[in-house]
Amino acid sequence: MKGIKKIEFLDYADEYGHLSPIEEKKDVPFEIKRVYYITKVNKNVRRGFHSHKNLEQVLVCINGSVTILVKSPYEEQEIVLNDATEGLYIGPMVWREMFNFSDQAVLLVLASELYDINDYVRDYSIYEIAAKEYFKDKLI
Ligand code: T46
């Protein structure tokens with residue numbers, strides 16, 4: 001689907017455990033300006049329901065599992081994140097919803113910008129009009 005991609009992180013594994021480094025502009029395609037994480041989400045809770053105008057993010061489920069619905073006016077996909085060595089890049093103007101959080105799930109998010117409430121598009125009908133235009137000529 002346009003506007004998203006899976007990223008594989010390095011996994012240094014030995015008898016002492018696993019270590020995955022994430023560096024900006026290398027393992028993720030932007031400078032990391034903000035990090036946040038989502039934890040202790042009850043079963044049946046669905047979060048998100050928005051897109052961003054400019055923000056790029058990489059979601060990594062570093063413990064447990066969570067399902068991410070990513071959607072544009074043209075395409076839609078559900079992706080299960082359950083591997084700490086795997087990231088989901090979500091670019092601008094992709095609608096997202098997060099659900100099916102497992103017990104103990106930890107969703108780590110790396111973001112290209114500081115928090116900006118004006119970057120959110122939460123009304124789906126407004127989103128759809130803007131995203132049709134945005135994705136019209138996009139190749140990836
Ligand atoms: C996204 C998905 C994956 C802040 O004050 N600073 C922050 O950096 C963030 C991310 C949130 N907040 C506050 C705003 C709300 O009062 O935290 C509260 C919960 O945020 P929100 O309802 O936007 O959470 P989600 O899970 O719906 O969405 C979040 C991110 O906001 C969003 O950018 O892409 O995770």
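In listed order, ligands and their atoms are each counted from 1.
- Checking atom 28 (O) of ligand 1 against the protein gives a heavy-atom contact under 4.0 Å.
- Residues that satisfy the side-chain contact (heavy atoms from CB on, under 4.5 Å) test with Lys25, not counting sequence neighbours, are Glu31.
- Residue-level proximity to ligand 1 for Leu107 is absent, since no heavy atom of it falls below 4.0 angstrom.
- Counting only heavy atoms of the protein, atom 3 (C) of ligand 1 lies nearest to Met98 CE, 3.5 Å.
- Contact analysis puts Arg122 in contact with ligand 1, with a non-hydrogen atom separation below 4.0 angstrom.
- Annotation: atom 24 (O) of ligand 1 to nearest protein heavy atom, Arg47 NH2, 3.3 Å.
- Using a 4.0 Å threshold on non-hydrogen atoms, atom 34 (O) of ligand 1 counts as touching the protein.
- With a 6.0 Å radius and a threshold of 12 heavy atoms from other residues, nucleotides or ligands, Asn44 has its CG atom at or below the threshold.
- Ring geometry, His50 versus His52: the interplanar angle exceeds 60°, so the pair is classed perpendicular (tilted spans 30 to 60°).
- In this structure, atom 30 (C) of ligand 1 lies nearest to the protein heavy atom Tyr36 OH, 3.1 Å.
- Protein non-hydrogen atoms do not reach within 4.0 Å of atom 18 (C) of ligand 1.
- With ligand atoms numbered from 1 in the order given, ligand 1 contributes 26 (O), 35 (O) to contacts under 4.0 Å with heavy atoms of Ile38.
- Looking only at atom types and distance, the side chain of Gln57 has no donor-acceptor partner in the side chain of Tyr89 under 3.5 Å away.
- Scanning the protein heavy atoms around atom 32 (C) of ligand 1, the nearest turns out to be His50 NE2, 3.1 Å.
- Taking hydrophobic clusters as Ile, Leu, Val, Met, Phe, Trp and Tyr residues chained together by side-chain heavy-atom distances below 4.5 Å, Ile22 does not share a cluster with Leu81.
- At most 12 non-hydrogen atoms from other residues, nucleotides or ligands lie less than 6.0 angstrom from OH of Tyr37.
- Within 6.0 Å of OH on Tyr12 lie no more than 12 heavy atoms contributed by other residues, nucleotides or ligands.
- The minimum heavy-atom distance linking Glu56 with Pro92 is given by the pair CG-CD, 4.0 Å.
- When the heavy atoms of Phe49, Tyr115, Tyr37 are ranked by distance to atom 13 (C) of ligand 1, first place goes to Tyr115.
- Residue-ligand proximity: Tyr120 is placed with a non-hydrogen atom under 4.0 Å from ligand 1.
- When the side chains of ILVMFWY residues are joined at heavy-atom separations under 4.5 Å, either directly or via intervening members, Leu10 and Ile7 end up in two distinct hydrophobic clusters.
- Atom 10 (C) of ligand 1 has Arg34 NH1, 3.3 Å as its closest protein atom, hydrogens excluded (heavy atom only).
- Taking every heavy atom of Gln57 and a limit of under 4.0 angstrom, the matching atoms of ligand 1 come to 1 (C), 33 (O), 34 (O).
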